[in-house]
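Chain A is the first sequence line, chain B the second, and so forth, proteins listed ahead of strands; every chain is numbered from 1.
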2 protein chains.
Amino acid sequence: MEHLPIFSEVVRRVTSMDVILGLLHQRPYTGYEIKHAFQHQFSYFFDASFGTIYPTLGKMEKLGYITKESIPQDNRPVKHLYSLTDEGRKQFREYLVSPLEPESFRCDFLVRLTFGEHLGTDALIRLVEENLNGSRAYLAELEGKWTKFCDRMSPSQEIAIRIGIESNKARVKVLEEGLAKLKGKGL
Amino acid sequence: MEHLPIFSEVVRRVTSMDVILGLLHQRPYTGYEIKHAFQHQFSYFFDASFGTIYPTLGKMEKLGYITKESIPQDNRPVKHLYSLTDEGRKQFREYLVSPLEPESFRCDFLVRLTFGEHLGTDALIRLVEENLNGSRAYLAELEGKWTKFCDRMSPSQEIAIRIGIESNKARVKVLEEGLAKLKGKGL
DNA sequence: AAAGACATGTAAGCCGTTACATGATTAA
DNA sequence: TTAATCATGTAACGGCTTACATGTCTTT
């Protein structure tokens with residue numbers, strides 16, 4: 001079988017457009033600022049490159065979800081500041097109430113662990129160590145963000161960042177224990 | 001700036017090919033069986049559809065990474081059983097020692113939480129409840145897999161599944177606490 | 001009667017990344 | 001002098017999903 005959708009409400013992936021629409025609820029943004037927000041506010045669950053952001057903004061303007069204000073600058077390209085329209089707000093609503101996309105995430109590190117037997121103990125230990133360091137740094141970053149912004153976060157944003165922090169703590173713990181075990185075998 | 005790679009070792013994403021190559025180290029597989037393995041062994045960090053698997057197998061055969069054995073059947077399409085070649089083994093090695101892809105994962109649920117203020121308390125509570133139920137079910141699934149297969153898992157596979165289990169436990173806890181808080185405000 | 005396992009494939013289209021293209025200003 | 005910040009865009013190409021195309025056999 002495997003067939004016959006016909007009328008099922010189809011699940012779509014979150015796209016850059018959805019997130020940009022959400023972001024523009026705060027205030028108008030330029031493409032450059034959107035990239036900055038992706039990296040500094042959303043990096044733990046979203047990212048997109050300029051190669052996505054600029055064409056997406058163009059598409060959104062054509063669809064009437066946003067309007068563009070062009071601001072000339074000295075020795076710089078014209079700055080384009082985009083604002084949300086009512087159409088855009090409506091579109092975002094539609095995203096928010098659409099069926100939630102099932103979480104299926106692709107993780108290079110977990111793939112390598114799964115096939116880690118073909119890697120040799122030394123390389124495996126190095127892999128886990130590297131990831132442990134990365135996870136610790138990442139955890140510190142999230143905790144920094146938390147202490148810095150927790151007073152300005154909505155209740156649901158608190159949940160979001162605490163999911164990041166707590167699941168990362170758990171990960172660090174597993175990695176530490178696993179590493180000790182791997183090293184114990186080597187002796 | 002943002003430019004000039006020139007000679008940096010470029011990071012590539014894990015592809016279905018990498019995972020198929022890893023899987024075929026165990027034994028020969030058909031495309032259909034590979035899909036099954038993706039869903040039942042690897043679902044918590046990888047998935048791919050038939051629309052990816054079959055064309056990928058064709059490409060891999062052309063590249064000499066695998067060989068095909070065709071097995072005729074009654075009232076069924078010819079079954080193609082694929083085996084790893086030395087070239088394929090070599091290619092997989094290259095993946096294993098290539099630079100680890102940085103984790104950037106896109107999570108619909110976290111996006112919705114971040115912009116959850118535009119959703120209204122009731123809808124937000126429903127969203128969190130749904131996700132909590134899903135997370136609990138998923139955790140149970142992982143724990144089932146763990147008790148079932150832990151004696152047959154390599155040390156690194158143990159680490160992989162325990163990362164899944166422990167970070168999911170942490171997530172469930174955050175979700176429970178967050179939900180209680182959201183409901184407390186409603187009263 | 002329906003659902004699920006078994007079994008393979010193609011075509012259209014979306015969404016995304018990297019690399020290319022261009023350059024001034026300011027701080028370390 | 002190197003790197004970072006500011007600022008916008010296009011073109012080539014890759015990988016993946018969904019829908020289409022086509023069934024039989026077995027279990028509930």
What is the separation between atom CD1 on B:I71 and atom P on C:dA7, rounded to the nearest whole Å? 9 Å

If I take atom CD in residue B:E61 and atom C1' in nucleotide C:dT8, what distance separates them, rounded to the nearest angstrom? 14 Å

B:Y32 and B:F50 aromatic ring geometry - parallel, tilted or perpendicular at 30°/60° bounds: parallel

Set of residues satisfying side chain to side chain donor-acceptor pair (under 3.5 Å) with respect to A:T15, sequence neighbours excluded: A:D18

Kindly state each residue pair satisfying side-chain hydrogen bond (donor to acceptor under 3.5 Å, both in side chains) with at least one member in residues 73-82 of chain A, sequence neighbours excluded. A:S70-A:H80

Listing request: all side-chain hydrogen bond (donor to acceptor under 3.5 Å, both in side chains) pairs with a residue in residues 50-62 of chain A, at least two apart in sequence or in separate chains. none

Between A:I34 (CD1) and D:dT5 (C1'), how many Å, whole number? 17 Å

Are there over 12 heavy-atom neighbours, none belonging to B:K145, within less than 6.0 Å of that residue's NZ? yes

Short side-chain N/O contact from A:Q73 to OP1 or OP2 of D:dA7, under 4.0 Å: yes

Pairs where residues 39-51 of chain B contributes a residue and the test salt bridge (Lys or Arg N to Asp or Glu O under 4.0 Å) is met, not counting sequence neighbours: B:K35-B:D47

All side chain to side chain donor-acceptor pair (under 3.5 Å) counterparts of A:D108, not counting sequence neighbours: A:R112, B:Y95

To the nearest 10 degrees, how far apart in direction are the end axes of the helix from C:dA1-D:dT28 to C:dA28-D:dT1, each fit to five base pairs? 60°

Residue set satisfying side-chain contact (heavy atoms from CB on, under 4.5 Å) with A:K90, at least two apart, ordered chain then number -> A:E87, A:E94

B:Q39 CD - C:dA7 P separation (whole Å): 15 Å

Can you measure B:K79 atom NZ to C:dC6 atom P for me and round it to whole angstrom units? 9 Å

With sequence neighbours excluded, give me every salt bridge (Lys or Arg N to Asp or Glu O under 4.0 Å) pair touching residues 121-131 of chain A. A:E129-A:K183

Just the atom pairs and distances: protein N or O near nucleotides 25-28 of chain D's N or O, under 3.5 Å.
| from | atom 1 | to | atom 2 | distance (Å) |
| --- | --- | --- | --- | --- |
| D:dC25 | OP1 | B:N75 | ND2 | 2.8 |

Among D:dG9, C:dC6, C:dG9, which nucleotide has an atom closest to any side-chain atom of A:Y54? D:dG9

Specify the separation, in whole Å, of atom CE of B:M60 and atom C1' of D:dG14. 17 Å

Could you tell me whether B:R162 and B:E143 have a side-chain N and a carboxylate O separated by less than 4.0 Å? no

With B:E101, which residues qualify under side chain to side chain donor-acceptor pair (under 3.5 Å), at least two apart? none

Do any side-chain nitrogens or oxygens of B:H80 fall under 4.0 Å of OP1 or OP2 in C:dG9? yes

Going by side chain to side chain donor-acceptor pair (under 3.5 Å), name the residues that satisfy it together with B:Q26, two or more places apart in sequence or in a different chain. B:Y29

If you assign each of A:L81 and B:I53 to its closest nucleotide in DNA chain D, which residue comes earlier from the 5' end? A:L81

In whole Å, I'd like the distance from the CG atom of A:D108 to the P atom of C:dT17. 16 Å

For A:F50 and C:dC20, give me the distance from atom CZ to atom C1', rounded to whole Å. 15 Å

What does the list of N/O pairs under 3.5 Å between the protein and nucleotides 14-16 of chain C look like, with a distance for each?
| from | atom 1 | to | atom 2 | distance (Å) |
| --- | --- | --- | --- | --- |
| C:dG16 | OP1 | A:S16 | N | 3.3 |
| C:dG16 | OP1 | B:R106 | NH1 | 2.4 |

